[in-house]
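In what follows, a structure is listed as C-alpha coordinates, so that the remarks can point back to it.
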Amino acid sequence: MTGTPVRTLLLWCPDWPVIAAEIVDGVPATGPVAVLHANRVVACSEQARAEGVRRGLRRREAQGRCPQLTVVDHDPGRDARAFEPVVAAVEEVVAGVEVVRPGACAVAARGPSRYLGGEEAAAERIIEQVAQACAVESQVGIADGVFAAGLAARAGRVVPPGGTPEFLTGLPVEALGRPALADLLRRLGVRTLGDFAALPAGDVLARFGLDGALAHRLAAGRDDRPLAVRQPPVDLAVTADHDEPLDRVDAAAFAARALAERLHDRLAAHGLACTRLGIEAVTAHGQELHRVWRHDGLLTAAAIADRVRWQLDGWLSGSTGRAGARPARPTAGIVRLRLVPDGVLAQAGLQPGLWGETGEERERAHRALSRVQGILGPESVVTAVLGGGRSPADQTHLVPWGDERLPARPGPPALPGEPALGTDRAAGGPAGPAAGGSAAGRSAGVGRAGGGGSAVPPWPGRLPPPAPAVVLPTPLAATVHDAAGEPVVVSARLAVSAAPARLAVGTARPVEIVGWAGPWPVDERWWAPAEARRRARFQVCLADGAALLLAVEAGQWLVEAIYD
(Lines give C-alpha, C1' and ligand atoms only; values in the text may rest on other atoms or scores of the structure.)
Protein backbone atom coordinates (compact mmCIF):
# COMPACT_ATOMS: atom_id res chain seq x y z
CA MET A 1 0.00 0.00 0.00
CA THR A 2 1.19 3.50 -0.78
CA GLY A 3 2.02 6.03 1.90
CA THR A 4 1.43 9.33 0.08
CA PRO A 5 -1.38 9.32 -2.52
CA VAL A 6 -0.50 10.49 -6.02
CA ARG A 7 -2.08 13.66 -7.31
CA THR A 8 -4.67 12.19 -9.67
CA LEU A 9 -6.85 13.50 -12.49
CA LEU A 10 -9.94 11.35 -13.07
CA LEU A 11 -12.33 11.63 -16.01
CA TRP A 12 -15.88 10.42 -15.30
CA CYS A 13 -18.68 9.96 -17.83
CA PRO A 14 -22.06 10.21 -16.04
CA ASP A 15 -24.57 7.39 -16.58
CA TRP A 16 -22.08 5.46 -18.71
CA PRO A 17 -24.10 2.19 -18.96
CA VAL A 18 -26.92 4.26 -20.48
CA ILE A 19 -24.55 6.06 -22.87
CA ALA A 20 -22.98 2.72 -23.88
CA ALA A 21 -26.42 1.31 -24.66
CA GLU A 22 -27.03 4.31 -26.93
CA ILE A 23 -23.64 3.93 -28.67
CA VAL A 24 -23.83 0.17 -29.22
CA ASP A 25 -27.56 -0.63 -29.35
CA GLY A 26 -29.01 2.71 -30.42
CA VAL A 27 -31.18 3.19 -27.29
CA PRO A 28 -31.76 6.99 -27.06
CA ALA A 29 -30.22 8.22 -23.82
CA THR A 30 -32.29 11.41 -23.91
CA GLY A 31 -35.43 9.44 -22.98
CA PRO A 32 -36.24 7.57 -19.76
CA VAL A 33 -33.82 4.62 -19.77
CA ALA A 34 -32.82 2.26 -16.96
CA VAL A 35 -30.11 -0.41 -16.98
CA LEU A 36 -31.01 -3.42 -14.87
CA HIS A 37 -28.96 -6.19 -13.30
CA ALA A 38 -30.51 -8.93 -11.17
CA ASN A 39 -33.88 -7.15 -11.56
CA ARG A 40 -32.55 -3.95 -9.96
CA VAL A 41 -31.64 -0.59 -11.48
CA VAL A 42 -27.87 -0.07 -11.67
CA ALA A 43 -27.96 3.08 -13.84
CA CYS A 44 -30.59 5.38 -15.32
CA SER A 45 -30.82 8.41 -17.56
CA GLU A 46 -31.45 11.98 -16.43
CA GLN A 47 -35.02 11.83 -17.76
CA ALA A 48 -35.66 8.65 -15.76
CA ARG A 49 -34.36 10.30 -12.57
CA ALA A 50 -36.72 13.19 -13.17
CA GLU A 51 -39.57 10.65 -13.12
CA GLY A 52 -38.40 9.26 -9.77
CA VAL A 53 -36.29 6.29 -10.90
CA ARG A 54 -33.29 5.65 -8.66
CA ARG A 55 -30.48 3.12 -8.45
CA GLY A 56 -31.40 0.04 -6.45
CA LEU A 57 -35.11 0.10 -7.33
CA ARG A 58 -36.70 -3.12 -8.48
CA ARG A 59 -37.91 -3.30 -12.04
CA ARG A 60 -41.61 -3.22 -11.21
CA GLU A 61 -41.24 -0.25 -8.88
CA ALA A 62 -39.15 1.66 -11.44
CA GLN A 63 -41.76 1.01 -14.16
CA GLY A 64 -44.49 2.04 -11.75
CA ARG A 65 -42.83 5.41 -11.25
CA CYS A 66 -42.14 5.81 -14.97
CA PRO A 67 -44.51 3.74 -17.19
CA GLN A 68 -42.72 4.78 -20.39
CA LEU A 69 -39.35 3.56 -19.04
CA THR A 70 -37.07 1.76 -21.52
CA VAL A 71 -35.36 -1.17 -19.81
CA VAL A 72 -31.90 -2.36 -20.94
CA ASP A 73 -30.01 -5.38 -19.56
CA HIS A 74 -26.67 -4.68 -17.94
CA ASP A 75 -23.75 -5.75 -20.18
CA PRO A 76 -20.24 -5.05 -18.81
CA GLY A 77 -18.68 -6.11 -22.11
CA ARG A 78 -20.75 -3.56 -23.99
CA ASP A 79 -19.75 -0.85 -21.51
CA ALA A 80 -16.05 -1.68 -21.88
CA ARG A 81 -16.13 -1.79 -25.70
CA ALA A 82 -17.92 1.53 -25.93
CA PHE A 83 -15.48 3.16 -23.48
CA GLU A 84 -12.36 2.20 -25.45
CA PRO A 85 -12.66 5.18 -27.90
CA VAL A 86 -12.94 7.53 -24.93
CA VAL A 87 -9.71 6.18 -23.44
CA ALA A 88 -8.03 6.50 -26.83
CA ALA A 89 -9.16 10.13 -27.03
CA VAL A 90 -7.68 10.84 -23.59
CA GLU A 91 -4.42 9.18 -24.65
CA GLU A 92 -4.14 11.65 -27.52
CA VAL A 93 -3.66 14.38 -24.91
CA VAL A 94 -1.95 12.61 -21.98
CA ALA A 95 -0.02 9.38 -21.50
CA GLY A 96 -0.24 6.75 -18.79
CA VAL A 97 -4.02 6.30 -18.53
CA GLU A 98 -5.55 3.73 -16.18
CA VAL A 99 -9.09 2.49 -16.80
CA VAL A 100 -10.69 2.43 -13.36
CA ARG A 101 -13.93 0.97 -14.71
CA PRO A 102 -16.02 1.49 -17.86
CA GLY A 103 -16.97 5.16 -17.67
CA ALA A 104 -13.99 6.34 -15.59
CA CYS A 105 -10.26 6.58 -16.26
CA ALA A 106 -7.45 8.19 -14.29
CA VAL A 107 -4.02 9.66 -14.95
CA ALA A 108 -1.33 11.22 -12.80
CA ALA A 109 -2.06 14.96 -12.78
CA ARG A 110 1.54 16.17 -12.58
CA GLY A 111 2.47 15.70 -16.24
CA PRO A 112 -0.67 17.18 -17.89
CA SER A 113 -0.74 20.12 -15.49
CA ARG A 114 2.87 21.02 -16.34
CA TYR A 115 2.62 21.09 -20.12
CA LEU A 116 -1.02 22.21 -20.39
CA GLY A 117 -0.70 25.20 -18.10
CA GLY A 118 -2.13 24.01 -14.79
CA GLU A 119 -4.58 21.46 -13.44
CA GLU A 120 -7.74 23.33 -14.39
CA ALA A 121 -6.44 23.94 -17.92
CA ALA A 122 -5.58 20.23 -18.25
CA ALA A 123 -9.07 19.27 -17.09
CA GLU A 124 -10.71 21.59 -19.62
CA ARG A 125 -8.47 20.34 -22.43
CA ILE A 126 -9.29 16.67 -21.73
CA ILE A 127 -13.04 17.33 -21.48
CA GLU A 128 -12.91 19.20 -24.79
CA GLN A 129 -10.94 16.40 -26.46
CA VAL A 130 -13.45 13.72 -25.39
CA ALA A 131 -16.38 15.87 -26.51
CA GLN A 132 -14.88 16.52 -29.95
CA ALA A 133 -13.56 12.99 -30.60
CA CYS A 134 -16.40 10.93 -29.12
CA ALA A 135 -19.36 13.33 -28.67
CA VAL A 136 -19.53 12.25 -25.02
CA GLU A 137 -20.08 14.54 -22.04
CA SER A 138 -17.66 14.08 -19.15
CA GLN A 139 -16.50 15.65 -15.89
CA VAL A 140 -13.02 15.77 -14.38
CA GLY A 141 -12.02 15.74 -10.74
CA ILE A 142 -8.52 16.26 -9.34
CA ALA A 143 -7.48 15.24 -5.84
CA ASP A 144 -4.88 13.27 -3.91
CA GLY A 145 -5.60 9.65 -4.83
CA VAL A 146 -7.92 7.84 -7.24
CA PHE A 147 -10.79 7.44 -4.75
CA ALA A 148 -10.93 11.11 -3.83
CA ALA A 149 -10.51 12.16 -7.48
CA GLY A 150 -13.51 10.03 -8.40
CA LEU A 151 -15.69 11.75 -5.81
CA ALA A 152 -14.35 15.13 -6.91
CA ALA A 153 -15.22 14.31 -10.53
CA ARG A 154 -18.89 13.84 -9.63
CA ALA A 155 -18.88 17.43 -8.37
CA GLY A 156 -16.48 18.71 -11.07
CA ARG A 157 -14.05 19.95 -8.42
CA VAL A 158 -10.31 20.45 -8.18
CA VAL A 159 -9.33 19.69 -4.59
CA PRO A 160 -6.23 21.67 -3.53
CA PRO A 161 -3.08 19.64 -2.75
CA GLY A 162 -3.23 18.41 0.84
CA GLY A 163 -6.95 19.21 1.12
CA THR A 164 -8.25 15.72 0.36
CA PRO A 165 -8.91 14.65 3.99
CA GLU A 166 -10.92 17.81 4.57
CA PHE A 167 -12.83 17.25 1.31
CA LEU A 168 -13.76 13.70 2.36
CA THR A 169 -14.70 14.50 5.94
CA GLY A 170 -18.27 15.65 5.33
CA LEU A 171 -19.22 13.04 2.72
CA PRO A 172 -21.65 10.26 3.75
CA VAL A 173 -20.37 6.71 4.26
CA GLU A 174 -22.36 5.61 1.19
CA ALA A 175 -19.63 7.28 -0.90
CA LEU A 176 -17.41 4.24 -0.15
CA GLY A 177 -19.46 2.18 -2.63
CA ARG A 178 -19.98 -0.63 -0.09
CA PRO A 179 -23.73 -0.75 0.72
CA ALA A 180 -23.47 -3.48 3.36
CA LEU A 181 -20.65 -1.71 5.19
CA ALA A 182 -22.39 1.67 4.93
CA ASP A 183 -25.60 0.22 6.38
CA LEU A 184 -23.70 -1.31 9.30
CA LEU A 185 -21.78 1.90 9.98
CA ARG A 186 -24.99 3.95 10.06
CA ARG A 187 -26.54 1.55 12.55
CA LEU A 188 -23.42 2.02 14.68
CA GLY A 189 -23.77 5.80 14.51
CA VAL A 190 -20.96 6.42 11.99
CA ARG A 191 -22.51 8.59 9.28
CA THR A 192 -19.67 10.41 7.51
CA LEU A 193 -16.29 9.48 6.13
CA GLY A 194 -14.69 11.77 8.71
CA ASP A 195 -16.32 9.81 11.55
CA PHE A 196 -15.14 6.54 10.01
CA ALA A 197 -11.58 7.81 9.44
CA ALA A 198 -11.36 8.89 13.10
CA LEU A 199 -11.74 5.28 14.31
CA PRO A 200 -8.53 3.41 15.26
CA ALA A 201 -7.21 1.36 12.34
CA GLY A 202 -6.64 -1.72 14.50
CA ASP A 203 -10.19 -1.73 15.81
CA VAL A 204 -11.57 -1.31 12.27
CA LEU A 205 -9.55 -4.29 11.05
CA ALA A 206 -10.67 -6.45 13.97
CA ARG A 207 -14.34 -5.53 13.57
CA PHE A 208 -14.81 -5.20 9.80
CA GLY A 209 -12.04 -7.32 8.32
CA LEU A 210 -9.68 -6.57 5.45
CA ASP A 211 -12.26 -4.93 3.22
CA GLY A 212 -13.28 -2.62 6.08
CA ALA A 213 -9.62 -1.72 6.66
CA LEU A 214 -9.22 -0.80 2.96
CA ALA A 215 -12.36 1.34 3.15
CA HIS A 216 -10.94 2.99 6.27
CA ARG A 217 -7.81 3.98 4.35
CA LEU A 218 -9.91 5.47 1.55
CA ALA A 219 -12.02 7.45 4.02
CA ALA A 220 -8.80 8.92 5.45
CA GLY A 221 -7.62 10.02 1.99
CA ARG A 222 -5.05 7.26 1.49
CA ASP A 223 -5.24 5.04 -1.61
CA ASP A 224 -4.86 1.27 -1.32
CA ARG A 225 -2.71 0.99 -4.46
CA PRO A 226 -0.83 3.19 -6.97
CA LEU A 227 -2.06 3.97 -10.45
CA ALA A 228 -1.76 1.01 -12.84
CA VAL A 229 -1.29 2.87 -16.11
CA ARG A 230 -1.64 1.13 -19.43
CA GLN A 231 0.87 1.47 -22.23
CA PRO A 232 -0.65 2.79 -25.45
CA PRO A 233 0.09 0.67 -28.51
CA VAL A 234 3.06 1.70 -30.61
CA ASP A 235 2.12 3.48 -33.83
CA LEU A 236 3.99 1.48 -36.47
CA ALA A 237 2.31 2.99 -39.53
CA VAL A 238 4.32 5.18 -41.89
CA THR A 239 2.93 8.02 -44.00
CA ALA A 240 4.27 10.06 -46.90
CA ASP A 241 2.65 13.27 -48.17
CA HIS A 242 3.35 14.53 -51.70
CA ASP A 243 2.94 18.09 -52.85
CA GLU A 244 2.73 16.98 -56.48
CA PRO A 245 0.01 14.33 -57.01
CA LEU A 246 1.36 10.96 -58.13
CA ASP A 247 -0.49 9.99 -61.30
CA ARG A 248 2.18 7.78 -62.94
CA VAL A 249 2.97 4.25 -61.81
CA ASP A 250 6.76 4.69 -61.99
CA ALA A 251 6.73 7.79 -59.79
CA ALA A 252 4.38 6.13 -57.31
CA ALA A 253 6.55 2.99 -57.23
CA PHE A 254 9.66 5.05 -56.46
CA ALA A 255 7.88 6.72 -53.53
CA ALA A 256 6.51 3.37 -52.36
CA ARG A 257 9.97 1.78 -52.16
CA ALA A 258 11.27 4.46 -49.80
CA LEU A 259 8.13 4.18 -47.67
CA ALA A 260 8.45 0.37 -47.56
CA GLU A 261 12.02 0.61 -46.31
CA ARG A 262 10.91 3.03 -43.58
CA LEU A 263 8.21 0.61 -42.46
CA HIS A 264 10.57 -2.35 -42.47
CA ASP A 265 13.17 -0.44 -40.43
CA ARG A 266 10.55 0.64 -37.90
CA LEU A 267 9.30 -2.92 -37.47
CA ALA A 268 12.85 -4.24 -37.16
CA ALA A 269 13.60 -1.69 -34.42
CA HIS A 270 10.82 -3.28 -32.35
CA GLY A 271 11.81 -6.85 -33.25
CA LEU A 272 8.68 -7.35 -35.34
CA ALA A 273 7.83 -8.56 -38.82
CA CYS A 274 4.74 -7.93 -40.93
CA THR A 275 2.42 -10.67 -42.19
CA ARG A 276 -0.55 -8.52 -43.24
CA LEU A 277 -0.10 -5.10 -44.84
CA GLY A 278 -2.67 -2.35 -45.19
CA ILE A 279 -2.14 0.09 -48.07
CA GLU A 280 -4.03 3.37 -47.87
CA ALA A 281 -4.00 6.23 -50.37
CA VAL A 282 -5.73 9.61 -50.56
CA THR A 283 -6.12 11.43 -53.87
CA ALA A 284 -6.05 15.17 -54.51
CA HIS A 285 -9.86 15.11 -54.71
CA GLY A 286 -10.16 13.49 -51.27
CA GLN A 287 -10.93 9.99 -52.57
CA GLU A 288 -9.76 7.32 -50.11
CA LEU A 289 -8.43 3.96 -51.33
CA HIS A 290 -7.69 0.98 -49.11
CA ARG A 291 -6.53 -2.59 -49.65
CA VAL A 292 -5.13 -5.27 -47.32
CA TRP A 293 -2.46 -7.71 -48.50
CA ARG A 294 -1.88 -10.98 -46.69
CA HIS A 295 1.18 -13.19 -46.75
CA ASP A 296 1.78 -16.61 -45.24
CA GLY A 297 5.40 -15.73 -44.54
CA LEU A 298 7.22 -12.62 -43.34
CA LEU A 299 7.17 -9.55 -45.56
CA THR A 300 10.67 -8.23 -46.24
CA ALA A 301 11.36 -4.64 -47.34
CA ALA A 302 11.48 -5.76 -51.00
CA ALA A 303 8.24 -7.77 -50.61
CA ILE A 304 6.49 -4.78 -49.04
CA ALA A 305 7.70 -2.53 -51.86
CA ASP A 306 6.52 -5.02 -54.51
CA ARG A 307 3.05 -5.24 -53.06
CA VAL A 308 2.70 -1.49 -52.77
CA ARG A 309 3.88 -1.12 -56.37
CA TRP A 310 1.43 -3.75 -57.60
CA GLN A 311 -1.42 -2.13 -55.73
CA LEU A 312 -0.59 1.34 -57.04
CA ASP A 313 -0.34 -0.09 -60.54
CA GLY A 314 -3.79 -1.62 -60.14
CA TRP A 315 -5.22 1.67 -58.90
CA LEU A 316 -3.53 4.06 -61.33
CA SER A 317 -3.46 2.04 -64.54
CA GLY A 318 -6.86 0.38 -64.15
CA SER A 319 -5.64 -2.83 -65.79
CA THR A 320 -8.32 -4.77 -67.61
CA GLY A 321 -9.61 -7.75 -65.67
CA ARG A 322 -11.45 -10.87 -66.66
CA ALA A 323 -14.30 -10.44 -69.16
CA GLY A 324 -13.16 -6.91 -69.88
CA ALA A 325 -13.89 -5.63 -66.36
CA ARG A 326 -11.86 -2.51 -65.70
CA PRO A 327 -11.52 -1.18 -62.13
CA ALA A 328 -12.48 2.44 -61.70
CA ARG A 329 -9.41 4.68 -61.74
CA PRO A 330 -8.97 7.44 -59.16
CA THR A 331 -10.25 10.83 -60.28
CA ALA A 332 -6.91 12.50 -59.38
CA GLY A 333 -3.34 11.69 -58.43
CA ILE A 334 -2.31 10.36 -55.04
CA VAL A 335 -1.18 12.97 -52.50
CA ARG A 336 -0.88 10.76 -49.42
CA LEU A 337 0.32 7.19 -49.08
CA ARG A 338 0.17 5.25 -45.81
CA LEU A 339 1.35 1.75 -44.93
CA VAL A 340 -0.20 0.07 -41.89
CA PRO A 341 1.23 -3.22 -40.53
CA ASP A 342 -2.14 -4.81 -39.83
CA GLY A 343 -0.64 -8.10 -38.69
CA VAL A 344 2.71 -8.34 -36.89
CA LEU A 345 4.59 -11.02 -35.00
CA ALA A 346 7.98 -11.46 -33.42
CA GLN A 347 10.76 -11.61 -36.01
CA ALA A 348 11.86 -15.23 -36.06
CA GLY A 349 12.57 -15.88 -39.74
CA LEU A 350 11.04 -18.50 -42.02
CA GLN A 351 11.50 -22.22 -41.51
CA PRO A 352 13.53 -23.52 -44.49
CA GLY A 353 12.54 -26.60 -46.41
CA LEU A 354 13.87 -30.06 -45.71
CA TRP A 355 16.55 -29.83 -48.45
CA GLY A 356 17.22 -26.10 -48.31
CA GLU A 357 15.20 -22.94 -48.84
CA THR A 358 11.50 -22.82 -49.51
CA GLY A 359 12.06 -22.70 -53.27
CA GLU A 360 12.13 -20.06 -55.97
CA GLU A 361 9.24 -21.68 -57.85
CA ARG A 362 6.94 -21.26 -54.89
CA GLU A 363 8.00 -17.64 -54.47
CA ARG A 364 7.39 -16.91 -58.16
CA ALA A 365 3.95 -18.45 -57.96
CA HIS A 366 3.17 -16.42 -54.86
CA ARG A 367 4.30 -13.19 -56.53
CA ALA A 368 2.21 -13.93 -59.65
CA LEU A 369 -0.96 -14.71 -57.69
CA SER A 370 -0.43 -11.68 -55.45
CA ARG A 371 -0.05 -9.56 -58.57
CA VAL A 372 -3.45 -10.77 -59.79
CA GLN A 373 -4.93 -9.92 -56.39
CA GLY A 374 -3.52 -6.41 -56.65
CA ILE A 375 -5.39 -5.87 -59.91
CA LEU A 376 -8.63 -7.76 -59.33
CA GLY A 377 -8.90 -7.83 -55.52
CA PRO A 378 -8.12 -10.37 -52.79
CA GLU A 379 -11.15 -12.56 -53.58
CA SER A 380 -10.00 -13.09 -57.18
CA VAL A 381 -7.54 -15.86 -56.19
CA VAL A 382 -8.83 -18.45 -53.75
CA THR A 383 -7.69 -21.90 -52.62
CA ALA A 384 -9.70 -24.73 -51.11
CA VAL A 385 -9.28 -25.74 -47.48
CA LEU A 386 -10.63 -29.08 -46.30
CA GLY A 387 -12.25 -29.39 -42.91
CA GLY A 388 -15.03 -31.11 -41.03
CA GLY A 389 -18.66 -31.50 -41.96
CA ARG A 390 -21.28 -34.06 -42.85
CA SER A 391 -21.63 -33.25 -46.56
CA PRO A 392 -18.97 -32.57 -49.23
CA ALA A 393 -20.10 -28.96 -49.57
CA ASP A 394 -19.57 -28.43 -45.84
CA GLN A 395 -16.04 -29.90 -45.89
CA THR A 396 -14.64 -27.43 -48.47
CA HIS A 397 -14.00 -23.74 -47.75
CA LEU A 398 -12.50 -21.23 -50.21
CA VAL A 399 -10.09 -18.67 -48.71
CA PRO A 400 -8.22 -15.84 -50.48
CA TRP A 401 -4.63 -16.56 -51.49
CA GLY A 402 -2.22 -15.68 -48.68
CA ASP A 403 -4.94 -15.66 -46.00
CA GLU A 404 -4.91 -18.02 -43.05
CA ARG A 405 -5.98 -21.46 -44.23
CA LEU A 406 -8.55 -22.20 -41.56
CA PRO A 407 -11.45 -24.61 -42.22
CA ALA A 408 -14.99 -23.30 -41.99
CA ARG A 409 -15.84 -26.19 -39.66
CA PRO A 410 -13.33 -27.83 -37.31
CA GLY A 411 -12.16 -31.35 -37.85
CA PRO A 412 -10.41 -33.28 -40.62
CA PRO A 413 -12.32 -34.40 -43.72
CA ALA A 414 -13.54 -37.95 -44.08
CA LEU A 415 -10.71 -40.37 -44.89
CA PRO A 416 -11.03 -43.42 -47.15
CA GLY A 417 -12.03 -46.47 -45.18
CA GLU A 418 -13.27 -44.46 -42.20
CA PRO A 419 -16.58 -45.73 -40.85
CA ALA A 420 -19.60 -43.48 -41.24
CA LEU A 421 -23.14 -43.55 -39.99
CA GLY A 422 -25.58 -45.52 -42.19
CA THR A 423 -26.16 -48.90 -43.82
CA ASP A 424 -25.74 -49.47 -47.58
CA ARG A 425 -28.73 -50.76 -49.54
CA ALA A 426 -28.15 -52.67 -52.77
CA ALA A 427 -30.41 -52.25 -55.77
CA GLY A 428 -33.77 -53.76 -55.02
CA GLY A 429 -32.84 -54.17 -51.36
CA PRO A 430 -35.24 -53.57 -48.53
CA ALA A 431 -36.12 -49.94 -48.06
CA GLY A 432 -35.79 -48.48 -44.58
CA PRO A 433 -33.87 -46.10 -42.35
CA ALA A 434 -30.15 -46.19 -41.86
CA ALA A 435 -28.72 -47.72 -38.74
CA GLY A 436 -29.64 -45.62 -35.76
CA GLY A 437 -32.84 -44.23 -37.32
CA SER A 438 -34.04 -40.75 -36.47
CA ALA A 439 -32.13 -40.75 -33.18
CA ALA A 440 -28.92 -40.93 -35.17
CA GLY A 441 -30.06 -38.02 -37.28
CA ARG A 442 -30.69 -35.97 -34.17
CA SER A 443 -27.23 -36.81 -32.80
CA ALA A 444 -25.77 -35.74 -36.13
CA GLY A 445 -27.00 -32.23 -35.50
CA VAL A 446 -25.34 -32.03 -32.10
CA GLY A 447 -21.81 -32.84 -33.31
CA ARG A 448 -20.68 -34.09 -29.93
CA ALA A 449 -17.00 -34.28 -28.96
CA GLY A 450 -15.06 -37.41 -29.67
CA GLY A 451 -13.88 -39.93 -27.14
CA GLY A 452 -11.01 -39.17 -24.85
CA GLY A 453 -11.82 -35.44 -24.63
CA SER A 454 -10.68 -34.67 -28.21
CA ALA A 455 -11.29 -31.08 -29.33
CA VAL A 456 -11.94 -32.23 -32.94
CA PRO A 457 -15.60 -33.27 -33.45
CA PRO A 458 -16.12 -36.65 -35.16
CA TRP A 459 -19.08 -35.37 -37.25
CA PRO A 460 -21.48 -38.32 -36.83
CA GLY A 461 -23.75 -38.65 -39.84
CA ARG A 462 -20.88 -37.97 -42.26
CA LEU A 463 -21.12 -39.61 -45.68
CA PRO A 464 -19.04 -42.74 -46.23
CA PRO A 465 -16.11 -42.72 -48.66
CA PRO A 466 -15.28 -42.29 -51.46
CA ALA A 467 -15.70 -38.52 -51.70
CA PRO A 468 -17.35 -37.09 -54.85
CA ALA A 469 -15.17 -35.53 -57.54
CA VAL A 470 -17.46 -32.56 -58.31
CA VAL A 471 -19.50 -30.64 -55.74
CA LEU A 472 -22.14 -28.48 -57.39
CA PRO A 473 -22.23 -24.88 -56.12
CA THR A 474 -26.02 -24.91 -56.55
CA PRO A 475 -27.83 -28.26 -56.24
CA LEU A 476 -29.91 -29.34 -59.25
CA ALA A 477 -33.58 -30.19 -58.84
CA ALA A 478 -34.46 -33.80 -59.66
CA THR A 479 -37.29 -36.32 -59.47
CA VAL A 480 -37.02 -39.96 -58.37
CA HIS A 481 -39.61 -42.61 -59.21
CA ASP A 482 -40.01 -46.27 -58.31
CA ALA A 483 -40.54 -49.18 -60.71
CA ALA A 484 -44.27 -48.45 -60.84
CA GLY A 485 -43.69 -44.81 -61.83
CA GLU A 486 -44.70 -43.39 -58.45
CA PRO A 487 -42.60 -40.66 -56.79
CA VAL A 488 -40.27 -41.99 -54.08
CA VAL A 489 -40.76 -40.24 -50.73
CA VAL A 490 -38.92 -40.47 -47.43
CA SER A 491 -40.99 -40.29 -44.25
CA ALA A 492 -40.12 -38.42 -41.07
CA ARG A 493 -38.91 -41.74 -39.65
CA LEU A 494 -36.62 -42.18 -42.68
CA ALA A 495 -38.72 -44.93 -44.23
CA VAL A 496 -38.34 -45.01 -48.04
CA SER A 497 -41.69 -45.56 -49.79
CA ALA A 498 -40.13 -47.82 -52.48
CA ALA A 499 -36.80 -48.67 -54.05
CA PRO A 500 -35.62 -45.85 -56.38
CA ALA A 501 -35.79 -47.01 -60.01
CA ARG A 502 -35.51 -43.95 -62.28
CA LEU A 503 -33.96 -40.47 -61.92
CA ALA A 504 -34.67 -37.35 -63.96
CA VAL A 505 -32.47 -34.27 -63.47
CA GLY A 506 -34.34 -31.09 -64.38
CA THR A 507 -36.09 -31.50 -67.74
CA ALA A 508 -33.78 -34.30 -68.96
CA ARG A 509 -35.07 -37.77 -69.80
CA PRO A 510 -35.24 -40.24 -66.88
CA VAL A 511 -32.29 -42.62 -66.45
CA GLU A 512 -32.52 -46.04 -64.81
CA ILE A 513 -30.98 -46.42 -61.34
CA VAL A 514 -28.96 -49.64 -61.17
CA GLY A 515 -27.67 -49.24 -57.60
CA TRP A 516 -28.36 -47.08 -54.57
CA ALA A 517 -27.34 -46.67 -50.96
CA GLY A 518 -28.86 -44.76 -48.07
CA PRO A 519 -30.57 -42.92 -46.59
CA TRP A 520 -28.04 -41.11 -44.41
CA PRO A 521 -29.99 -38.66 -42.24
CA VAL A 522 -28.77 -35.33 -40.91
CA ASP A 523 -30.65 -32.94 -38.64
CA GLU A 524 -28.41 -29.91 -38.10
CA ARG A 525 -28.92 -26.91 -35.79
CA TRP A 526 -32.38 -28.01 -34.79
CA TRP A 527 -32.11 -25.67 -31.79
CA ALA A 528 -31.95 -22.59 -34.11
CA PRO A 529 -35.14 -22.53 -36.24
CA ALA A 530 -33.74 -19.93 -38.65
CA GLU A 531 -30.68 -22.11 -39.41
CA ALA A 532 -32.17 -25.59 -38.97
CA ARG A 533 -31.78 -28.06 -41.82
CA ARG A 534 -33.07 -31.62 -42.00
CA ARG A 535 -32.44 -33.86 -44.97
CA ALA A 536 -31.62 -37.43 -46.04
CA ARG A 537 -28.89 -38.32 -48.55
CA PHE A 538 -28.53 -41.14 -51.07
CA GLN A 539 -25.79 -42.44 -53.33
CA VAL A 540 -27.12 -43.71 -56.68
CA CYS A 541 -25.48 -45.37 -59.68
CA LEU A 542 -27.16 -44.84 -63.06
CA ALA A 543 -27.34 -47.05 -66.12
CA ASP A 544 -25.23 -44.62 -68.17
CA GLY A 545 -22.32 -45.07 -65.72
CA ALA A 546 -22.80 -41.85 -63.75
CA ALA A 547 -22.79 -41.86 -59.94
CA LEU A 548 -24.53 -39.07 -58.03
CA LEU A 549 -25.06 -37.87 -54.51
CA LEU A 550 -28.73 -37.05 -53.93
CA ALA A 551 -30.48 -35.35 -51.05
CA VAL A 552 -34.17 -35.10 -50.27
CA GLU A 553 -35.19 -32.06 -48.24
CA ALA A 554 -38.78 -30.97 -47.56
CA GLY A 555 -39.94 -33.50 -50.15
CA GLN A 556 -37.67 -32.12 -52.91
CA TRP A 557 -34.94 -34.27 -54.47
CA LEU A 558 -31.64 -32.51 -55.25
CA VAL A 559 -28.38 -33.50 -56.96
CA GLU A 560 -25.57 -32.25 -54.68
CA ALA A 561 -22.43 -33.86 -56.13
CA ILE A 562 -21.09 -36.14 -58.87
CA TYR A 563 -18.75 -39.09 -58.36
CA ASP A 564 -15.90 -39.81 -60.78
Quiz: residues 101-110 side-chain donor-acceptor pairs under 3.5 angstrom, not counting sequence neighbours:
none

Can you establish whether the number of heavy atoms outside [X] located under 6.0 Å from its atom [atom1] is more than 12?
X: Arg186; atom1: CZ; answer: yes
X: Gln68; atom1: CD; answer: yes
X: Asp250; atom1: CG; answer: yes

Can I get a per-line list of side-chain donor-acceptor pairs under 3.5 Å for residues 251-259, giving both atom names and the distance, sequence neighbours left out?
none

Listed by chain and number, what are the side-chain contact (heavy atoms from CB on, under 4.5 Å) partners of [X], not counting sequence neighbours?
X: Pro17; answer: Val35, Ala43, Asp79
X: Arg336; answer: Thr239, Asp241, Val282
X: Glu280; answer: His290, Arg338, Val340
X: Val190; answer: Val173, Leu185, Asp195, Phe196, Leu199

Q | Any pair counted as ring pair (Phe, Tyr, Trp, His ring centres under 6.0 Å), so long as it reaches residues 52-75, sequence neighbours left out | A |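 Applying ring pair (Phe, Tyr, Trp, His ring centres under 6.0 Å) to every pair that reaches into residues 52-75, excluding sequence neighbours, yields His37-His74.
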List the atom pairs, with distances to 0.1 Å, where a side-chain N or O of residues 58-67 and a protein N or O form a donor-acceptor pair under 3.5 Å, not counting sequence neighbours.
residue	atom	partner	partner atom	Å
Glu61	OE2	Arg65	NH2	3.1
Arg65	NH1	Gly52	O	2.5

Q. Which salt bridge (Lys or Arg N to Asp or Glu O under 4.0 Å) pairs, counting each pair once, include a residue from residues 27-48, with sequence neighbours left out?
A.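 Those involving residues 27-48 do not exist here.
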**Q.** Residue pairs, two or more places apart or on separate chains, that pass salt bridge (Lys or Arg N to Asp or Glu O under 4.0 Å) and touch residues 8-36
**A.**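 Sorted result for residues 8-36: Asp15-Arg49, Asp25-Arg78.
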Q: Work out which heavy atom in Val93 is nearest to a heavy atom in Tyr115; give both atom names and the distance.
A: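 Heavy atoms of Val93 and Tyr115 come nearest at O-OH, 2.9 Å.
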Q. Which heavy atom in Pro32 sits nearest to a heavy atom in Ser45, and how many Å separate them?
A.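 For Pro32 versus Ser45, the nearest heavy atoms are CA-OG, 3.6 Å.
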Q: Using ring-ring contact (aromatic ring centres under 6.0 Å, His included) as the criterion, list what pairs up with Trp16, not counting sequence neighbours.
A: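 Checked Trp16 against ring-ring contact (aromatic ring centres under 6.0 Å, His included); matches are Phe83.
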Q) Within the distance-only criterion (no hydrogens, no angle test), does the side chain of His216 pair as donor or acceptor with the backbone N or O of Ala201 below 3.5 angstrom? A)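 Such a contact is absent between His216 side chain and Ala201 backbone.
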Which atom pairs, one a donor and one an acceptor, fall under 3.5 Å between side chains of residues 131-147 and the rest of the protein, sequence neighbours left out?
residue	atom	partner	partner atom	Å
Gln132	NE2	Glu128	OE2	3.2
Gln139	NE2	Ala153	O	2.7
Gln139	NE2	Arg154	O	3.3
Asp144	OD1	Arg7	NH1	3.0
Asp144	OD2	Gly162	N	2.9
Asp144	OD2	Thr164	OG1	3.4

